[in-house]
Amino acid sequence: MSLLENADSLPRPMLDKCLQAVNLWRKQIEKGNTMHLYRTHTCGALRAENIDEQVRVSGWVHRKRDHGGLLFIDLRDHYGLTQLVIEPSSPHFALAEQIRAESVIRADGKVVARDDEARNPNLPTGDIEVYLSELEILSETGDLPLPVFGEPDYPEDIRLRYRFLDLRRDSLHRNIVLRSDIISWLRQRMTADGFREYQTPILTASSPEGARDFLVPSRIHPGKFYALPQAPQQFKQLLMVAGFDRYFQIAPCFRDEDARADRSPGEFYQLDLEMSFVTQEDVFACVEPVLRDLFRAFGNGKRVTENFPRIPYAEAMQKYGSDKPDLRIPIEMQDVTPAFDGSDFKIFANMIAKDKRVRVWAVPAKTGGSRAFCDRMNSWAQGEGQPGLGYIFFREGEGAGPLAKNIGPERTEKIRTQLGLEDGDAVFFCAGVPKAFAEFAGRARNRIGAELELIDADQFAFCWIVDFPMFETDETTGKLDFSHNPFSMPQGGMEALESKDPIDILGHQYDIVCNGIELSSGAIRNHKPEIMLKAFAIAGYSAEVVEQEFGGMLNAFRYGAPPHGGIAPGVDRIVMLLAEQENLREVVAFPMNQQAEDLLMQAPAPVSNAQLRELHIRPSLPKTTPTDEPVKE
RNA sequence: GGGGGUGUAGCUCAGUUGGUUAGAGCGCUGGCCUGUCACGCCAGAGGCCGCGGGUUCGAGUCCCGUCACUCCCGCCA
């Protein structure tokens, strides 16, 4: 049964299919029929039990070792490597010597046991080799712009231009297979959990909120445009209104925004899901086991959070300085304002006296208690545009550093006991209005965790962030706006909207975070038109505008809409985490570059004037590129 | 839209304070080699030093501009 390399790791149906195919070829051979045109075995299949069999294999010439009197070829396909041996007496020796790496060949030969000292324990097929009797070149290669053998870093543009070569390389090849396996697993699991995959339109209407849309001009309706969906948000809610109860989709999403290492330009995928008649707890109870089991299945034995802690947004900001905390870092910040209030450290004391909102947060740094480390953090902070990063470090039973001197031993000791610090530890301080410095404090926390190697990397640390505020004030304009999704239900419903200060209203809105990466956002939706109109009114949108922009969905809610909610974990980021990759391009088969160009397929590209005329489009190009010729005939 | 980094052989890189003929490894070509699995040994070909301008007796090296790639900020409900 060990016909296929890594047979154990293959899903059962896939393994059965492969075995069926192999058996079919076998039967043909036994009947004396001609061999399969290309192969009786894959390059990962042959083992000691195949010794003396006459076999046929096809694949790429991975590596050639020419001893003059003896020639070895490593033949590679999707499944593995098999060593071919060609002796000088072979009529094909001369041809075999000529073959270049990455040519595709078909080879017939006899499976032979390797001598003890010639065995290669690093290869699943390393106990045998195939003595070549027939050789056919199926496809030749020219000069390679990118070697397939070996895995050093290569320039992105060359990797992307020759993506078909890059994808042959082992690590990338495995990442793409992993992605496929993950998506397949998710589909099976979601279906088993009572969800059905419903497709939603790719050509749809532009939405005024959120990211920039990709637009598609209409031929039939001059001057009008379709938009590619930023997410199937409204459609999945309409499916709930239509009574389908549980929806999911491996959904393509399109946003015309600039790329990042962890953000594809243009398009990405979500495990989009929505459920009817659910509370926030129901969504958690459904999604949490899916992600936990997925990460256990594909996480290479790393620990996965058993029960995802639920951290209110405000608490996350206070403890971690982030709404996507990396919980692998065992650092929690604390408010130590009283220790500085009225102290002789005048900078902080005066700030506190002047403004009631000012707080001092402490970032404890276990094992960071050396002047060298503290100074390094301080200059890092200055490099981040901060005035500095005050610190105390503890040694010989007392606090040291300029700050400790200023506030005195009593207050220093109070800080030490509050944070549970000891000799050899340090603590850093950020002061100001929390909203202004929380994000920097969070980065300091990450930095400290990384520098002191406090991160426990052998785990996937999940959490829910809950109780997001519905509204926030824009720092520059002072205008009130939705802080997240305008379609989510405010906690407390209409009553909260009518009675509370908008800034204090929380939403039934939640994120899933893993190792400091935001995997998804979700919400219990606002399915009541009157509450939605009220929420939009608070954010400054008139009923007319809301009716005009979201009329379709609003109207649907006037004909019997179930309470519903959902979430949409990002597939690309999940695969990144499980493949342990820092860059999205390592887990996408055919990615675009940072300028949103497909270097392999040459997109975007000019189109003919005839095509443009049909679409009633005439380009109006920026004057800065007069030499461009964006239109071909 | 803004900021940082990089750009030298097909590929990965080195190149001193500005100094005469720009190097190495992989790959390629030729030769030798019967147990390699990063095979080994010998020889050879291969360079608009991203592009344009400037400083200088002299520029791969310094300056200005520009292009390409990349990372980050803005942006991403």
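Protein chains get the first letters and strands the later ones, always in sequence-line order, with residue 1 at the start of each. It should be emphasised that the depicted structure is a prediction, and the values quoted were computed from it without experimental measurement. Only heavy atoms go into these numbers, but all of them, side chains included; no hydrogens, no water, no symmetry mates.
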Side chain of Ala118(A) (C-beta onward), nearest among C75(B), G35(B), U70(B): G35(B)

Inter-nucleotide P distance (G60(B), G35(B)), Å rounded: 48 Å

Looking only at C75(B), U70(B), G35(B), the nucleotide nearest the Arg263(A) side chain is C75(B)

Salt-bridge contact Asp511(A)-Lys324(A) (side-chain N to carboxylate O under 4.0 Å): no

C57(B) - base-pair partner by Watson-Crick or wobble geometry, distances under 3.5 Å: G19(B)

Closest to side chain of His67(A), choosing from C76(B), C39(B), C72(B): C39(B)

Cys514(A) versus Leu577(A), closest heavy-atom pair with distance: SG-CD1, 3.8 Å

Determine whether a donor-acceptor pair (one donor, one acceptor, N or O, separation below 3.5 Å) exists between the side chain of Glu87(A) and the base of U34(B). no

Once you apply a heavy-atom cut-off of 4.0 Å, does Glu156(A) come out as touching a base, just sugar-phosphate, or nothing? sugar-phosphate

At less than 4.0 Å, is any side-chain N or O atom of Asn583(A) found next to OP1 or OP2 of C71(B)? Yes or no. yes

If pairing means Watson-Crick or G-U wobble with both distances under 3.5 Å, then the partner of G40(B) is C32(B)

Reckon Asp115(A) touches a base, only the sugar-phosphate, or nothing at all at heavy-atom distances under 4.0 Å? nothing

Check the phosphate of G35(B) against Gln83(A), side-chain N and O only, distance under 4.0 Å to OP1 or OP2. Yes or no? no

From the list C75(B), C28(B), G35(B), which nucleotide is the closest neighbour of the side chain of Arg100(A)? C28(B)

Do Glu129(A) and G35(B) have a side chain to base donor-acceptor pair shorter than 3.5 Å? yes

Output yes when at least one side-chain N/O atom of Gln594(A) is less than 4.0 Å from OP1 or OP2 of C71(B), else no. yes

Ignoring hydrogens and angles, answer whether the base of C75(B) and the side-chain atoms of Arg255(A) contain a donor-acceptor pair closer than 3.5 Å. no

Does OP1 or OP2 of C39(B) have a side-chain N or O of Arg65(A) closer than 4.0 Å? yes

Both distances below 3.5 Å, Watson-Crick or wobble geometry, any strand: find the nucleotide opposite G1(B). C73(B)

At under 4.0 Å between heavy atoms, what does Phe471(A) touch on the DNA or RNA strands: base, sugar-phosphate, or nothing? nothing

NA contact type, Leu123(A), heavy-atom cut-off 4.0 Å: base, sugar-phosphate, or nothing? nothing

Just checking Ile158(A): base, sugar-phosphate only, or nothing, at a heavy-atom cut-off of under 4.0 Å? sugar-phosphate

Should the side chain of Arg63(A) and the base of C37(B) be counted as holding a donor-acceptor pair, with the cut-off at 3.5 Å? no

When you check the phosphate oxygens OP1 and OP2 of C71(B), does a side-chain N or O of Arg585(A) lie under 4.0 Å from one of them? yes

Which letters describe nucleotides 1-9 of chain B, given B = protein heavy atom under 4.0 Å from base, S = only from sugar-phosphate, - = neither? B--------

Take the angle between the ring planes of Phe482(A) and Tyr541(A) and call it parallel below 30°, perpendicular above 60°, tilted in between. parallel

Can you find a side-chain donor-acceptor pair between Gln548(A) and Glu544(A) that sits under 3.5 Å? no

OP1, OP2 of C69(B) versus side-chain N and O of Asn593(A): anything below 4.0 Å? yes

